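Here's the structure, in C-alpha cells; my notes come after.
Atom set for the values below is all heavy atoms of this structure, side chains included, hydrogens, waters and symmetry mates excluded. Quick caveat: nothing in here was measured; it's all calculated off a predicted structure.
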Amino acid sequence: MADAKPKFSKLSNDNYANWKFRMELLLRKQGLWKRVIEGCCPPAKVDRGVVINQTEIDDWESQDDEARGTIGLLVMDGDKTFCFIHPII
C-alpha cells in the first residue's frame with residue numbers, strides 16, 4: 001500500500017500549508033518521517049579501524065533516498081529548482 005499513488009496535489013506556489021500537512025502524514029505512513037526531522041546520518045562507530053555500524057548507516061541512507069524521492073515526486077515540475085540544493089541531512 002505504501003506504493004499507492006498519494007491522493008493530494010503536488011506542491012505549487014499556492015498550496016504549501018495543505019501540501020506540508022499531507023506530506024508529513026504520507027512520510028509518517030511510510031515510516032520515513034524520522035529521516036526528515038532527525039536531520040543527519042548516524043555517525044560511524046569505529047573499532048580498530050573497522051566501521052561496526054555500517055548496516056545502520058546503509059539503512060539510514062536508503063530511507064533518506066526514499067524520503068527525498070517521495071518529496072521530489074510531489075513537487076510541481078516548475079518548482080523543483082530549489083528543492084534539493086541543501087541536503088535533508
Side-chain angles (χ1 to χ4, degrees):
M1 189 68 170
D3 293 335
K5 185 177 179 182
K7 295 183 177 11
F8 63 95
S9 299
K10 290 183 176 186
L11 176 63
S12 66
N13 290 330
D14 60 353
N15 69 342
Y16 177 74
N18 184 50
W19 178 89
K20 177 185 171 198
F21 173 74
R22 292 178 180 273
M23 179 57 67
E24 179 179 339
L25 294 177
L26 176 62
L27 292 172
R28 284 181 183 275
K29 180 179 177 185
Q30 294 176 340
L32 300 172
W33 184 242
K34 284 176 65 174
R35 295 293 74 83
V36 174
I37 61 171
E38 283 181 354
C40 62
C41 184
K45 296 176 185 171
V46 180
D47 183 26
R48 297 181 193 154
V50 177
V51 176
I52 58 174
N53 66 330
Q54 189 62 50
T55 300
E56 179 184 4
I57 293 168
D58 291 345
D59 290 346
W60 188 95
E61 289 175 347
S62 177
Q63 288 181 344
D64 184 62
D65 286 344
E66 287 182 50
R68 288 172 184 268
T70 298
I71 293 167
L73 289 170
L74 286 166
V75 175
M76 295 294 284
D77 288 340
D79 297 327
K80 292 183 182 175
T81 305
F82 301 106
C83 280
F84 298 110
I85 290 176
H86 300 288
I88 293 173
I89 59 171

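Contacts of Glu66 classified as salt bridge (Lys or Arg N to Asp or Glu O under 4.0 Å), with partners at least two apart in sequence or in another chain: none.
Between the side chain of Asn15 and the backbone N or O of Ser12, at least one donor-acceptor pair lies under 3.5 Å.
One distance of note links OG1 of Thr55 with CH2 of Trp60; it measures 16.0 Å at 0.5 Å rounding. Expressed to the nearest 0.5 Å, how far CZ of Arg35 lies from CG of Asp59 amounts to 9.0 Å. Interatomic distance, CG of Leu32 versus CE of Met23, reported as 10.5 Å (0.5 Å rounding). Note that CG of Leu27 and CD1 of Ile71 are 5.0 Å apart. Values are rounded to the nearest 0.5 Å. Distance CG/Leu11 to CG/Asn18: 10.5 Å, rounded to 0.5 Å.
Linking ILVMFWY side-chain heavy atoms closer than 4.5 Å, directly or via other members, places Leu25 and Leu73 in two distinct hydrophobic clusters. Tyr16 and Val36 end up in the same hydrophobic cluster when Ile, Leu, Val, Met, Phe, Trp and Tyr side chains are linked at under 4.5 Å. Ile37 and Phe21 fall into different hydrophobic clusters, defined by Ile, Leu, Val, Met, Phe, Trp and Tyr side-chain heavy atoms under 4.5 Å apart, directly or through other members.
Side-chain contact check for Glu61 versus Ile57: some heavy-atom pair is nearer than 4.5 Å.
The two residues Leu74 and Trp19 have their closest heavy-atom pair at O-NE1, 2.7 Å.
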Using residues 43-54 as the side-chain source, report each donor-acceptor pair under 3.5 Å to any protein atom, sequence neighbours left out, with the distance given to one decimal.
from, atom 1, to, atom 2, distance (Å)
Asn53, OD1, Lys45, N, 2.9
Asn53, ND2, Pro43, O, 3.0
Asn53, ND2, Glu56, OE1, 3.3
Gln54, NE2, Asp58, OD1, 2.8

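Looking at Glu24 and Arg28, a side-chain N of the basic residue comes within less than 4.0 Å of a carboxylate O on the acidic one, giving a salt bridge.
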